[in-house]
Amino acid sequence: MEAKNRIIFHIDVNSAYLSWEAVYRLQHGDTLDLRTIPSVVGGDVTARRGIVLAKSIPTKPYKIKTGESLYSAKLKCPELVVVPPRYHLYMQCSKALISILEEYSPSIQQFSIDEVFLDFTNMEVHWGDFVNAAHKIKERVKKELGFTVNIGISSNKLLAKMASDLQKPDKVHTLFPHEIQDKMWPLPVEELFMVGRSTTFKLHKKGIFTIGDLATTDPNLLMQWFKSHGRLIWEFANGIENSPVRQDFPVKGIGNSSTLPFDIEDRKTGHRALLSLTETVAMRLRNIRKSAGVLSVFIKDRDFESCSHQRKLNVPTHSTNILYRIACQLFDEIWQGHPLRHLGVRASELYSDDFYQLSFFEPDIERQNALDTAVDEIRTQYGWNSIMRSCFLHSGLNPMMGGVIQEEEYPMMSSLL
DNA sequence: TCTGGGGTCCTAGGACCC
DNA sequence: TCTGGGGTCCTAGGACCC
């Protein structure tokens, strides 16, 4: 039932982590509003995670980019204020936003921690004209939660998302198909959703610099250059996109990875780090009642050379011990012995756990499950560190790396929106 | 003390099968 | 004999997003 004239909102929190941090600090007696000075939320430099996670609008003249190292950000702006992240707070802020939005439409899709699509089609009877409604929502969020959002409005998700990006902060924009030429085509091509660094570079070499240039390029040519991605970005440049707002995406994979506080130089420590990562991955799998059919291990060495190795499992599983054993095998098969700064474990090809298969080779499966269940219950009740493997004592490693666990894993965005 | 962590999707090449 | 050809599965890597 493809509605012809849909009204889609895209709600985007302005400088999300930074705004949330600023609001929290103001509420706790701080007098300085981080949003009004050049400031960033950044990772821990001593733990080798020193990058910009979010930046305030006053950093704009310094050309500080999300993802760049704090070292280089400080070179650009010596008076930059850097504050550490508080992921737990951000999850709460995100939830609070969602619960307000849920009042305005039964059809909302969380796209990331700070972006939400809302299908406003047929909702005018309840809330009035869509532009007024968007303003009402925006003001309510500001008044009740203390942070500002941009709301983009159009007839599909892509255009709504592009609209919310137009001018920040605290704005409502429309970008309906008849406005594309005026509002979207003059923008630099890299501002189009799904045109990243690599594609931008190649497009520039072909003389394509604006979204309008891209929109008016022969799509067959783009397909020759970029395969299916060429078709996709041509359609996006022309505002063509019609995926529904939906909340029931299946989760495709669950993974954890971590930059370690020190380089790993021996196999035993490598395995220990894998165990730590696997504990959280397996717990999250069990939490959503899924078993993994494929396990992958990802490593990155001191020189930032990285590679991955994966294996399809004979029998899907969510058992910490079995997944750990396979992770170690994969690790031993690819690691050349170079000092490692980063390790990752990811479970994919997820199967529902409604039943699990007994394997001839894993006669122990019932006991493994019983053990995992017991440990999960203790950790849920008494906290994550209430029970841990003794090998982590004095190891310098967190026994459960990565993974803020959620009641519900919400699926991340995809190129299909 | 420069360079995070969570995802999704696509493609290419090799193995294997008929 | 100068090397079919189509299909599927598997794996590694790259591109993109926030």
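Quick note on labels: first sequence line is chain A, next is B, and so on, each numbered from 1.
- For R284(A), the listed nucleotide lying nearest its side chain is dG7(B); candidates were dG7(B), dG5(B), dT1(B).
- Contact annotation: H309(A) side-chain N/O to dA12(C) OP1/OP2 distance is under 4.0 Å.
- When each of dC17(C), dT11(B), dC10(C) is scored by its nearest atom to the side-chain atoms of S228(A), the top-ranked nucleotide is dT11(B).
- Contact check, R341(A) against dG4(B): a side-chain N or O comes under 4.0 Å of OP1 or OP2.
- Nearest heavy atom pair, residue L158(A) against residue G239(A), reads CD1-CA, 4.3 Å.
- In this structure, CD1 of I254(A) is placed 7 Å from P of dG7(B), rounded to the nearest angstrom.
- Of the listed nucleotides (dG4(B), dG5(B), dG7(B)), dG4(B) has the atom at the smallest distance from the side chain of K300(A).
- Using a 4.0 Å heavy-atom cutoff across all strands shown, E68(A) reaches no nucleic acid atom at all.
- In this structure, N256(A) does not reach the dG5(B) phosphate: none of its side-chain N or O atoms is under 4.0 Å from OP1 or OP2.
- Between the side chains of E115(A) and H10(A), at least one donor N or O sits under 3.5 Å from an acceptor N or O.
- Set against dC17(C), dG5(B), dC18(C), the side chain of M194(A) has dC17(C) as its closest nucleotide.
- One finds a side-chain N or O of K227(A) lying less than 4.0 angstrom from the OP1 or OP2 phosphate oxygen of dA12(B).
- Contacts of S72(A) with the nucleic acid, taken as non-hydrogen atoms under 4.0 Å apart, are absent.
- Nucleic acid contact for G43(A): none, since no nucleic acid atom lies under 4.0 Å from a heavy atom of the residue.
- Nucleic acid contact for V195(A): sugar-phosphate only, since backbone atoms but no base atoms lie under 4.0 Å from a heavy atom of the residue.
- If you look at F130(A) and F176(A), their ring centroids are closer than 6.0 Å.
- On the C1' atoms, dG4(C) is 16 Å away from dC16(B), given to the nearest whole Å.
- Rounding to the nearest 0.5 Å gives a distance of 13.0 Å between CD1 of I64(A) and NZ of K60(A).
- Residues K142(A) and D170(A) are paired through a salt bridge, judged by an N-O separation under 4.0 Å between the basic side chain and the carboxylate.
- The environment of R246(A) atom CZ is dense: over 12 non-hydrogen atoms of other residues, nucleotides or ligands sit within 6.0 angstrom.
- At the heavy-atom level, T199(A) lies under 4.0 Å from the strands shown only through sugar-phosphate atoms.
- Taking only side-chain atoms of C307(A), from C-beta outward, the nucleotide of dG7(B), dC18(C), dG13(C) with the closest atom is dG13(C).
- Considering only side-chain atoms of S308(A), the nucleotide from dG13(C), dG7(B), dG5(B) that sits closest is dG13(C).
- Here dT3(B) is the nucleotide among dC16(C), dT3(B), dG7(B) with the atom lying nearest to any side-chain atom of S69(A).
- G344(A) comes within 4.0 angstrom of no nucleic acid atom, judged by non-hydrogen atoms across all strands.
- Close to dG6(B), at under 4.0 Å from its OP1 or OP2, lies a side-chain N or O of S257(A).
- Between R49(A) and dG6(B), a side-chain N or O to OP1/OP2 separation shorter than 4.0 Å is absent.
- Listed nucleotides dG4(B), dC17(C), dT11(C) differ in distance to R311(A); the shortest reach to its side chain belongs to dT11(C).
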